[in-house]
Each structure stands twice: as structure tokens, then as C-alpha cells.
Enquirer: 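Before I ask anything, let me first share the structure, which is written out below as C-alpha cells.
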Amino acid sequence: GKLNELKIDDTSKPASKNLDVISEFNKSDNKRAASFVVVGHVDAGKSTMMGRLLLDLGVVSKHTVDRLRQEAEKIGKSSFHLAWVLDQRTEERARGVTIDIATNRFETDKAIFTILDAPGHRDFIPNMIAGASQADFGLLVIDAGTGAFESGLKGQTKEHALLLRSMGVSRVVVAINKLDTVGWSQERFDEIRNQISGFLTATGFQAKNIAFVPVSGLHGDNLVKKPSDAAASWYSGPTLVEELENSEPEARALTKPLRMSIGEIFRTPGASTSVSGRLDAGSLQTGDTLLVQPGGGEAFIKSVEVNGEPADWAVAGQSVVLGLNLADQVEMRAGDILCDPAQPIQCHDTFTLKALAFDVLMPMQVDVHRGRLHAEGRIEAMTAILDKMTGAVTKKKPRVVKPGTVARVVIKLGAKVPLEAGQRVVLRSGGETVAAGLLE
Ligand code: GDP
């Protein structure tokens, strides 16, 4: 009857198998898993490329794509149907139709990939920051079309690359896209590659960590299959997917204290709470107790899902969904950090940042972004200008910090948030990114 339906949230602590997670991980034949964030100027073809990739890998059906094409034709925008493959998934998620974060995942023979961001999202930069803070590498999409590359460079291409680097992403795969619009010109490809490679190395990416792939996302040329266009016969390098598979995984911080920042929270009232995110450091298993910061409440792990599959444990670098039992009155929001109560992350309202200035910095109000977390704050002081290469102090207490310089700045927040050395933080003001850097 009615009473049974009024089920209360389960607050119990589930049993633990007491596994040695690190040795379980070493034993497992874990397929490589990598997550990446897709960046690039608006209209560069990011969504189209991801839609086409999901189609060519069989993640979405031809039927779905045909339906989207018909809908797109009805409103005279037939070229957009591939971009809608991703949009559709994002909207479904926004409406709560599905809580499967797996929708932007695909698998090849060698690896499992998670697309960390829905490109083309309205609130793009904050999303990109969140994505980049969890990404193993970035996919930078460039429109090779006449004039488009040049306007992209003046536009978001540079800002996005700078943000990637500032968020600690060290590898970029550059997809030089829409080569069909320039007759697969090798000259054009080389010209763009040279310019972008010069710019990326100046931004701090090492040449060995940058790869270039010529593609046509719309036609699916050189994404999964070699280009079918005869004009592309000069190219004998890897396809985009092969290049994605080439990216060496970042060293995993398995033995560090557990840190997982919450990407999304899914609540079914009266039943359960699930959180998705990526383990930044450490490991966990079913039955573990977690501390939720900054709230300070406790949660117990009821279930673990790694890459969409049920699991007993998870380690740093993996994207997970955790089913949680919450102790009473636990406050939890996207951006919060789950950690081990024995080795908790501390909450602070003042911190020092070694920041690369994108704009003039002075004592001013700023929005502080760390992963999915946003907090209001203020630049309280600029204590030093640092040498870009050596980090040595070149000037104390500057009055202003000029764009392109690295400085040590002190930030004061309106409230205490979980912060620790080594985290990457972005400062924004009036909708613009003004600085990015590393917490000291
Ligand atoms: P986004 O803003 O970067 O996500 O770009 P979209 O994926 O929405 O693409 C912008 C426009 O470029 C759309 O009209 C696409 O059909 C078109 N487009 C994307 N990729 C290609 C391509 O490889 N070749 C051609 N000719 N057009 C493309």
C-alpha cells in the first residue's frame, strides 16, 4: 500500500569486499581509456565531426541519422543533421530522458574514449574549462576553408589552445577539417600545420605532443576510413581515430589520496543518488566512505560503474558513476569534491595562484573556475612577476600585470571551497578569460 511507496533514502553503509584496488587494477586487462575535450572556433565543424565519428563507428544508427537528416531538410539545414547527433544526446540528458553519461563514449579495438564536452554548447567556455580539467588530451578542430582558418585564429582558436594548456592538458590532436572545401590541397594543409604548430609550441605544448590530421568531418574522410577523395592521395598518415589511439595515457595518480570532482548528480527522490565524474587521483571501491567537500557530509559507495559497466572498484583516470547512500542532511553539488575522510581535501577562502595573464590583471572582481566549480572572488594582491621559463621572481609587487606575463596573485573567495596545491584554476571577468594557472 501507500506506506511502502514512501520509501526513505537508504542511509546505510554497504558491505565492502576489502579489495586491494591497486593490485586488482594491475591484474586487470584494462583496455586503455582516455577522455578528450573538443575545442575550436565556432563553425569549425566540431559537432559534425563527432556526429560522423559516432555514425562511422556504429555508436549511432544510420536510421537515427536519416531521421535527423529528414528533420534538418524540413527546415532547410540539411548539412546540420550530423551535428544534431550530439545535440540530441545533450538535450536528452538535459531533459533527464536518460542519465547515461555513456552517450558520448565510443570504443575502438584498442581503446575506449569519452568525449568530455558537448561542443557547441551555449555556455561553451565554462564547459570547456570543466572538460579540459579532466581531459587526457584535446582535439582542436580547425576549418581549413579559405579565410575561415584566418578568422578562426583571430577568434577562439588561440584562446581555446591557451586554455587547454593552462588547464594542464599537454597533448593536442589537431584535426585540420573541411579539406574537401579546398580540394584536399596539401599546400593548404602544410601552411595551416606550420602556423598552428608555431603557435602551439609558443603556447607551451611540446612538438612531440602535437599531431596533425587532415580530415573532412562532413564526408567522414580520414576519420575512421582513409579518405576516399583521389585528391587526398598525397596523405599516407594515420586516420583521426588512429591518431586518437596513439595518445599515450597520462601517468595515473593511483596511490595519491582519493579526489573525485562531481560532474553531474542524478537524484531519484526516495530511491537513490548517483554522481558521475572522473577520478583525478587515488582509488575507491564499493563500501567505501566518502567525505563530500565543502559540505563536510558523508556518503557511502553502494555501486560503482566504470565506462558504463558495473565494477567493484575504480582508479584515477577512469570516468565513473557512483551509486551513493547518503548520511543525513548531506549537501552535494556539481563541482564538489569527494575524498577519503582519512586524507581529506581542505577548504580555503584564500589562495595563491601562479597565473598566466590573458588580460591586464589588477585588484578586481573575478569568477574563479575550477573544473565544474565556479566561485566569486577577488584578486587581492599581485605579489610578483615571474620569469615564464624559470619561475624566478623578476619584479615584486607589480601595480598591474600585463597580458602574456606570469604572475603570483592572491585570490580571496566569498566562501570556503575545497582547494589544494596543484589544481588548475581559471579566472574570468565580464565573460572573458583573464588568467589561468596553478594553485601553489
Ligand atoms: P561547430 O560549431 O564547430 O560545432 O560546427 P558545426 O559542426 O555545426 O559545422 C558548421 C558548418 O560547417 C555546418 O554547416 C557543417 O555542415 C559544415 N561542415 C562541418 N564539417 C564540414 C566538412 O568537413 N566539410 C564541409 N564542406 N562542411 C563542413
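Just so it is clear, the model here is predicted, and its values are computed rather than measured. Heavy-atom basis, side chains included; hydrogens, waters and symmetry copies ignored. Order of listing sets the numbers, starting from 1, for every ligand and every atom in it.
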Enquirer: Taking side-chain hydrogen bond (donor to acceptor under 3.5 Å, both in side chains) as the cut-off, I'd like each qualifying pair that reaches into residues 377-386, sequence neighbours left out, listed once.
Expert: none
Enquirer: Any idea how His369 and His374 line up, ring-wise: parallel (<30°), tilted (30 to 60°), or perpendicular (>60°)?
Expert: tilted
Enquirer: Between Ser216 and Asp221, is there a side-chain donor-acceptor contact under 3.5 Å, judged purely by atom types and distance?
Expert: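 Their side chains do not contain a donor-acceptor pair, so the 3.5 Å distance test is not met.
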Enquirer: Taking distance alone, with no angle check, do His219 and ligand 1 share an N/O pair under 3.5 Å?
Expert: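 Among all N and O atoms of His219, none is under 3.5 Å from an N or O of ligand 1.
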Enquirer: For ligand 1, note which part of Leu179 has a heavy atom under 4.0 Å away: side chain, backbone, both or neither.
Expert: neither
Enquirer: Pairs of nitrogen or oxygen atoms closer than 3.5 Å, one from Met49 and one from ligand 1: do any exist?
Expert: no
Enquirer: Using 30° and 60° as the class limits, which term best fits the ring planes of Phe25 and Trp313: parallel, tilted or perpendicular?
Expert: perpendicular
Enquirer: Is it true that Gly217 lies under 4.0 Å from ligand 1, counting heavy atoms only?
Expert: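 Under 4.0 Å: yes for Gly217.
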Enquirer: May I ask you to test the Ile176-Val213 pair for a side-chain heavy-atom distance under 4.5 Å?
Expert: no
Enquirer: Give the contacting part of Asp180 toward ligand 1: side chain, backbone, both or neither, where contact means a heavy-atom distance below 4.0 Å.
Expert: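 It is the side chain that touches ligand 1; the backbone stays farther off.
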Enquirer: Strictly by salt bridge (Lys or Arg N to Asp or Glu O under 4.0 Å), give each pair with a member in residues 50-63 just once, sequence neighbours left out.
Expert: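 Sorted pair list: Arg52-Asp56, Lys62-Asp66.
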Enquirer: Just to be sure I read this right, does ligand 1 sit under 4.0 Å from the backbone of Asp43, its side chain, both, or neither, counting only heavy atoms?
Expert: both
Enquirer: If you measure every N or O of Lys178 against every N or O of ligand 1, does any of those distances drop under 3.5 Å?
Expert: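 So ligand 1 has an N or O lying under 3.5 Å from an N or O of Lys178.
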